[in-house]
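What follows is a short report on a single structure.
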4 protein chains.
Amino acid sequence: MNEIEKDRGPKFRRRAEARPDEVLDAALALFIEKGFAATRVEDIAKRAGLSKGAVYLYFPSKEAVLEALVRRAIVPIADSALQTLHDYEGDPRIVIGLVLNMLAARLSDPRILAMPKLIFREVLGFPELAQMYRREVIDRVIPAVEGLIRRGIDQGYLRQVDPSLTIRSIIGPLLLHVAMAELFGIMPEGGLHLDKLVDNHLSILFDGLSAPPSAKTWSAS
Amino acid sequence: MNEIEKDRGPKFRRRAEARPDEVLDAALALFIEKGFAATRVEDIAKRAGLSKGAVYLYFPSKEAVLEALVRRAIVPIADSALQTLHDYEGDPRIVIGLVLNMLAARLSDPRILAMPKLIFREVLGFPELAQMYRREVIDRVIPAVEGLIRRGIDQGYLRQVDPSLTIRSIIGPLLLHVAMAELFGIMPEGGLHLDKLVDNHLSILFDGLSAPPSAKTWSAS
Amino acid sequence: MNEIEKDRGPKFRRRAEARPDEVLDAALALFIEKGFAATRVEDIAKRAGLSKGAVYLYFPSKEAVLEALVRRAIVPIADSALQTLHDYEGDPRIVIGLVLNMLAARLSDPRILAMPKLIFREVLGFPELAQMYRREVIDRVIPAVEGLIRRGIDQGYLRQVDPSLTIRSIIGPLLLHVAMAELFGIMPEGGLHLDKLVDNHLSILFDGLSAPPSAKTWSAS
Amino acid sequence: MNEIEKDRGPKFRRRAEARPDEVLDAALALFIEKGFAATRVEDIAKRAGLSKGAVYLYFPSKEAVLEALVRRAIVPIADSALQTLHDYEGDPRIVIGLVLNMLAARLSDPRILAMPKLIFREVLGFPELAQMYRREVIDRVIPAVEGLIRRGIDQGYLRQVDPSLTIRSIIGPLLLHVAMAELFGIMPEGGLHLDKLVDNHLSILFDGLSAPPSAKTWSAS
DNA sequence: GATGAATGAGATTTCATTCAT
DNA sequence: GATGAATGAAATCTCATTCAT
């Protein structure tokens with residue numbers, strides 16, 4: 001931060017204030033790989049390039065590392081989703097498309113993908129984690145999306161649907177896509193291809209699976 | 001059940017062939033509540049009404065309890081879904097509706113809901129679990145659904161979509177609904193109401209979120 | 001023992017009073033194979049063809065099985081060695097040769113070989129075992145052999161040696177031969193060949209390793 | 001050693017590089033006393049002046065302690081025996097006498113005596129131990145001794161005997177002497193007196209138990 | 001600030017022994 | 001007499017956390 005210290009090449013960045021962040025990076029990788037319970041503090045330390053004891057200089061417990069990890073990651077994501085939600089005013093389908101594509105782009109970065117994976121995996125064991133995530137992310141995003149849908153209905157862009165339940169129809173397919181890939185290794189050939197999933201999903205989400213009646217009539221005639 | 005025998009303390013129950021099942025029931029409850037790693041074998045035993053050592057009469061290890069648990073639960077579910085998939089031939093939307101409603105009904109039973117919760121939570125730590133689930137459930141259900149969609153497209157019921165990716169659009173919303181409720185306690189007032197979710201989801205899935213063009217025209221004029 | 005019971009074919013010997021002996025046979029085999037500590041009572045029971053609980057009808061504890069085992073085996077061996085020691089009066093070398101050859105013949109039977117193996121292995125952990133073995137075997141055999149040697153010296157058959165220490169020179173080579181074979185698998189090709197060992201050993205024991213002085217002279221001239 | 005540091009309780013000793021050796025010393029004493037199976041890791045730790053967990057800082061398992069123990073002890077002994085065997089060229093009886101006296105001197109140290117006791121006791125349960133002992137000791141010593149005997153025969157020092165079997169006659173008496181003392185408490189008054197045993201044994205080994213024929217004649221006449 | 005040796009509570013697993021049937 | 005389900009003490013090993021240096 002300071003003018004003299006700045007960022008003087010990677011060689012001189014040892015022992016900087018970035019230490020806690022390096023611990024979090026290491027912990028994230030390991031929590032994803034093996035889970036919270038099966039990750040030893042010593043592993044985290046080793047991967048972060050410092051000693052076991054040093055971890056406790058920055059965090060009072062292993063659990064605190066997990067909490068800090070989640071806190072660090074979720075706020076920016078929620079913020080940028082909310083930003084997009086607020087910036088656009090017209091056809092909500094445009095906004096939904098933008099947000100889903102933004103999400104798809106972000107989640108293609110494994111470092112970011114790691115966070116929801118971690119949260120979904122560990123949240124049952126750490127109620128504070130659930131509360132934090134709810135407070136910081138869910139309780140801010142859901143009302144915004146619900147409002148978006150409600151306005152879309154009011155303005156005639158969308159059919160009459162339950163805004164709250166419809167959120168599941170908008171986000172759920174992404175979650176399942178990621179879950180299938182991460183938990184069972186089931187994904188399109190060559191990778192997640194989240195962009196293709198979003199394309200396919202948006203076309204169904206907006207226009208439905210059903211063939212247009214006219215089309216059917218045409219082909220039948 | 002008998003008035004005299006009733007449930008008079010655990011000491012006098014011998015040669016109950018239901019023992020392994022009682023252990024599994026106890027383990028399921030605890031694994032869900034606290035996770036596999038944080039559940040002690042002694043907890044399982046106590047809840048099943050026997051001693052720590054007795055658990056090892058029926059299962060060679062704690063991990064074996066988990067595997068048996070999953071095996072016991074998943075096959076029937078997959079079977080009945082496949083049954084429905086095979087029994088109907090015409091409009092695939094009917095079949096999809098039937099299967100989703102069947103799923104909704106089943107998952108309303110907490111004992112059944114517990115299984116996917118458990119699997120999703122622990123599968124990262126137990127590759128064998130993932131393989132078993134894949135083999136027994138996923139690899140049987142996915143091809144059946146893909147075939148259903150493909151035939152629906154060929155017969156003019158459905159629009160041109162990617163059958164494989166579309167599976168995510170069909171199932172994903174249920175997963176998210178359950179996840180929100182179970183992980184963060186976010187659900188409609190008064191309960192999961194999976195039936196309402198499925199209603200809302202099916203209407204979007206088949207007909208899309210977009211208001212019909214004529215409607216828009218009308219409202220705009 | 002009784003005229004009627006006798007030994008009426010193997011078919012009718014089930015549930016006879018031989019039960020405890022069958023337990024001991026099974027225990028012996030397993031104690032040899034895996035040691036006392038690593039042998040489970042259930043293994044003994046299974047091998048003896050009865051249930052775990054039945055073992056406790058005959059023996060109050062696992063340790064009691066070991067003691068009974070040793071007691072059963074050692075007395076006859078000591079008896080027959082003592083018999084031979086007492087029966088001969090003249091040249092003690094004849095007696096020593098007879099006894100060693102008798103020992104060699106007996107120890108070629110794995111069932112008999114098992115006992116000293118077992119005793120040597122477990123005696124450190126069971127002082128009572130040591131006492132029993134000492135009382136029943138060692139304290140009867142050693143004085144007899146010492147007396148034999150002493151008389152041999154007095155009668156001019158043997159050189160002046162320490163009778164007590166000489167016992168080690170007489171028996172030690174057999175012990176080492178068996179130990180090398182049993183512990184490390186080091187033995188003559190094709191088996192223990194205890195008879196050959198005894199031949200070689202007796203010739204050294206009586207006449208010494210050294211070449212006769214005259215022979216040396218001859219070969220040198 | 002230093003007057004101020006002395007041995008002021010276990011709490012203030014840190015970074016002692018001798019730790020693993022202290023653990024081995026403690027383990028040796030206990031394994032001898034109670035056997036491997038009956039010795040708890042906590043006992044070892046307590047005797048070494050540290051905590052249960054600390055043992056696992058130095059050795060990955062209790063079994064590894066045993067292996068390290070044996071490895072530490074046997075190589076020097078085998079080495080010095082081989083040294084003696086190789087250094088002398090002439091009359092093999094001289095070499096045999098030197099080696100046996102060297103062995104006697106060494107085994108008078110209880111710390112060294114403990115090792116063969118331990119190995120003989122536990123080797124049946126740990127095949128790796130047997131292999132290690134064979135590789136490091138037996139397979140190096142036996143060929144050397146066999147060669148010595150063979151050369152002694154060729155050069156006219158020794159009678160025609162089986163070199164391989166004769167090894168038993170050379171070493172066996174020492175083994176039995178030690179075994180009787182350690183297992184049953186049978187030994188000359190006042191201690192092992194291995195030197196006296198070796199004296200008596202060597203005289204028999206080289207010259208035989210039999211009285212010289214001339215002597216017999218003399219005494220008879 | 002940093003280290004890593006040390007601790008000790010706690011987890012899984014084994015098995016001799018008991019005892020209702 | 002026989003069974004084998006059940007117990008529970010005890011053993012090995014792990015690892016979050018502390019603290020002397």
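In this text, all values refer to a predicted model and were calculated from it rather than measured experimentally. Each chain gets a letter, A, B and so on, in the order the sequences are listed, and its residues count up from 1.
- Contact check of residues 60-73 of chain A against DNA chain E (heavy atom, cut-off under 4.0 Å) returns no residues at all.
- Put simply, the side chain of C:Val23 does not reach to within 4.5 Å of the side chain of C:Arg19, judged on heavy atoms.
- Between F:dA6 and B:Arg19, a contact under 4.0 Å exists linking OP1 or OP2 to a side-chain N or O.
- If you take CZ on C:Phe126 and CD on C:Glu67, they are separated by 8.5 Å, rounding to the nearest 0.5 Å.
- Scanning DNA chain F for stems, defined as runs of 3 or more consecutive Watson-Crick or G-U wobble pairs whose donor-acceptor distances all fall under 3.5 Å, gives the following ranges: E:2-21 with F:2-21.
- To the nearest 0.5 angstrom, C:Arg121 atom CZ is 9.0 Å from C:Leu183 atom CG.
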Distance-only donor-acceptor hits, side chain of residues 46-56 of chain D, under 3.5 Å, sequence neighbours excluded:
residue	atom	partner	partner atom	Å
D:Ser51	OG	D:Ala54	N	3.4

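- Residues satisfying the salt bridge (charged side-chain N to carboxylate O under 4.0 Å, His left out) test with C:Lys62, not counting sequence neighbours, are none.
- Separating the CZ atom of C:Phe59 from the C1' atom of F:dA2 is a distance of 16 Å, rounded to the nearest angstrom.
- Of the two residues contacting DNA chain E, namely C:Gly53 and D:Ala54, the nearest-nucleotide position lying further toward the 5' end is that of D:Ala54.
- From B:Met132, atom CE reaches atom CG of B:Leu66 across 7.5 Å, with rounding to the nearest 0.5 Å.
- At F:dA2, one or more side-chain N or O atoms of C:Tyr58 fall inside 4.0 Å of OP1 or OP2 (strictly under the cut-off).
- A donor-acceptor contact under 3.5 angstrom links the side-chain atoms of B:Lys52 to the base of E:dT13.
- Within the 4.5 Å cutoff, no side-chain heavy atoms of A:Ile44 are placed close to those of A:Arg40.
- Within residues 33-43 of chain B, the residues having any heavy atom under 4.0 Å from DNA chain E are, by residue number, B:Thr39, B:Arg40, B:Val41.
- In this structure, the separation between CG on C:Leu129 and CZ on C:Arg134 is 14.0 Å, given to the nearest 0.5 Å.
- Distance, D:Leu57 CG to E:dT7 C1': 9 Å, rounded to whole Å.
- Rounded to an integer number of Å, the gap from A:Lys46 NZ to E:dA2 P is 19 Å.
- Scanning all heavy atoms of the two residues, the minimum distance from A:Pro127 to A:Gly125 falls at CD-O, 3.6 Å.
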Output side-chain donor-acceptor pairs under 3.5 Å for residues 24-37 of chain C, partner residues at least two apart or in another chain, one line each.
residue	atom	partner	partner atom	Å
C:Asp25	OD1	C:Arg72	NH1	3.0
C:Asp25	OD1	C:Arg72	NH2	2.9
C:Lys34	NZ	C:Asp43	OD2	3.2

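- Here B:Phe120 contributes atom CZ and B:Met115 contributes atom CE; the two are 11.5 Å apart, rounded to the nearest 0.5 Å.
- The side chain of B:Tyr56 lies closest to E:dT14 when the candidates are E:dT14, E:dT3, E:dT7.
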